[in-house]
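Below: the structure, in C-alpha cells.
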Amino acid sequence: MAENAGPLLAGRVALVTGASRGIGRAIALALGQAGASVACAARSTDQVEAVAGEIRAGGGRAAAFRLDVTRAEDIAAATGAVAAGLGPIDVLVNNAGITMQQKTLDVTDAEWDTILATNLTSMFLCARAVAPAMIARGWGRIVNIGSMWGKVGVPRYAAYCVSKAGVDALTRCLAVEWARHGVRVNCLAPGYMNTDFPREAMADERTRNLILAKVPVRRIGEPEEVGPLAVYLASPASDFLTGQTIYLDGGQTASW
Ligand code: NAP
C-alpha cells in the first residue's frame with residue numbers, strides 16, 4: 001500500500017479563508033501537518049503570516065495571502081496568486097465568517113447584506129473561482145464551514161442562521177453538480193467552539209450555564225478538534241462522501 005505511506009495530503013494545495021485565527025487557523029495548521037501546502041488567507045495580514053510561519057516552523061509549506069472574501073476582485077487576485085505561488089488549488093476550505101446579534105426588526109439592510117456577503121456569497125464566489133481547475137484535473141475538495149445554527153431558528157440571529165442554512169444548500173447543489181468531475185463538496189458544521197465568536201456569551205455565567213446545559217458532552221469544542229475532520233474531508237479518504245453537512249457539536253443537534 002505504497003500510496004498510504006506518506007502524509008494524507010502530501011502534494012495537495014489547500015486554500016483556507018479566514019485562517020488568521022480561531023477555527024480557520026486550526027484547520028490551516030492541521031492541513032499543514034497532514035502534508036498539504038497551505039495558503040492562509042484573511043484580511044489581517046500579520047496574523048495570517050504568523051499562521052503560515054507556524055506551519056513552516058513545523059516543517060510544512062505555507063504562504064499568507066490578503067483576502068477580503070466580500071470583494072470579488074480580492075478573490076480573483078488571491079486565488080490566482082495561490083495557484084502561481086503554491087500550485088493549483090486542490091482543496092478549498094470556505095471558513096471566513098462573521099456573526100451579529102440583533103433583534104430582527106432592528107437589522108438594517110446593510111447589516112443583512114454584510115452577513116450574507118461574508119458567510120454565504122463569499123463561499124459561492126470562492127468555489128466558482130477554484131472549481132474550473134479542479135474540474136479540469138478531475139479532483140477537488142471543497143469544505144464549507146457551516147453551523148448547527150443553519151438547522152435551527154435562533155432569536156436575534158436571523159441573518160446568521162439564514163446564511164448558514166444557505167451554506168447547507170450551496171453544499172448540496174455544488175456536490176451534485178460537480179460529483180462526476182471528482183470534486184467533493186461537504187459542509188462541516190460546528191457547534192459552540194472556543195474562539196472569539198461566542199466569547200462574549202460564554203463570559204456571562206448565566207448564559208454559559210444555559211449553553212452548556214444544551215450540549216450533551218457539557219463543554220464547548222476547541223478549534224483544534226475541527227482539524228482532523230477537515231483533514232478527512234480534504235483527503236482522498238472521503239471520496240464517497242459528498243453533499244453532506246456533518247455536525248461537530250458535542251451532540252447538541254442530536255439532543256431533544
Ligand atoms: P473568528 O475567531 O472570529 O474568526 C473568523 C475568521 O474569519 C477570521 O480569520 C477573520 O479574519 C475571517 N473573516 C471575517 N470576515 C472576513 C472577510 N470579509 N474576509 C476574509 N476573512 C474574514 O471565528 P471562528 O469561530 O473561528 O469562526 C470561523 C467559522 O466557523 C465561521 O464561518 C463561523 O460561522 C463558523 N462557526 C463558528 C462557531 C463558533 O462557536 N466559534 C460555531 C459554528 C460555526 P480577518 O478578520 O483577519 O479577516
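Read the numbers this way: they start at 1 and go in the same order the structure lists the ligands and their atoms. Owing to the predicted nature of the structure, the values given are computational and were not obtained by experimental measurement.
Considering only heavy atoms from C-beta on, M134 stays 4.5 Å or farther from W178 through its side chain.
For a heavy-atom separation below 4.0 Å, the residues in contact with ligand 1 are G18, A19, S20, R21, G22, I23, A42, R43, S44, L67, D68, V69, T70, N95, A96, G97, I98, T118, I145, G146, S147, Y160, K164, P190, G191, Y192, M193, T195, D196, F197, P198.
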Using salt bridge (Lys or Arg N to Asp or Glu O under 4.0 Å), reason through R43 and D74 one step at a time and then give a plain yes or no. CA-CA 10 Å; R43 294 167 302 182; D74 267 29; over 6 Å; no

Check the pair N186 / Q244 against side chain to side chain donor-acceptor pair (under 3.5 Å), numbers first and verdict last. CA-CA 5 Å; N186 289 290; Q244 302 305 308; 5.7 Å; no

Please evaluate residues C40 and I55 with respect to the criterion side-chain contact (heavy atoms from CB on, under 4.5 Å), reporting the C-alpha separation (whole Å), side-chain torsions for both, the decisive distance (0.1 Å), and the verdict. CA-CA 10 Å; C40 306; I55 295 171; 4.0 Å; yes

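When V176, L170, D168 are each tested for a side chain to side chain contact (heavy atoms under 4.5 Å, CB included) with R172, only one passes: D168.
Applying the salt bridge (charged side-chain N to carboxylate O under 4.0 Å, His left out) rule to R218 yields no partners; only residues at least two apart in sequence or on another chain are considered.
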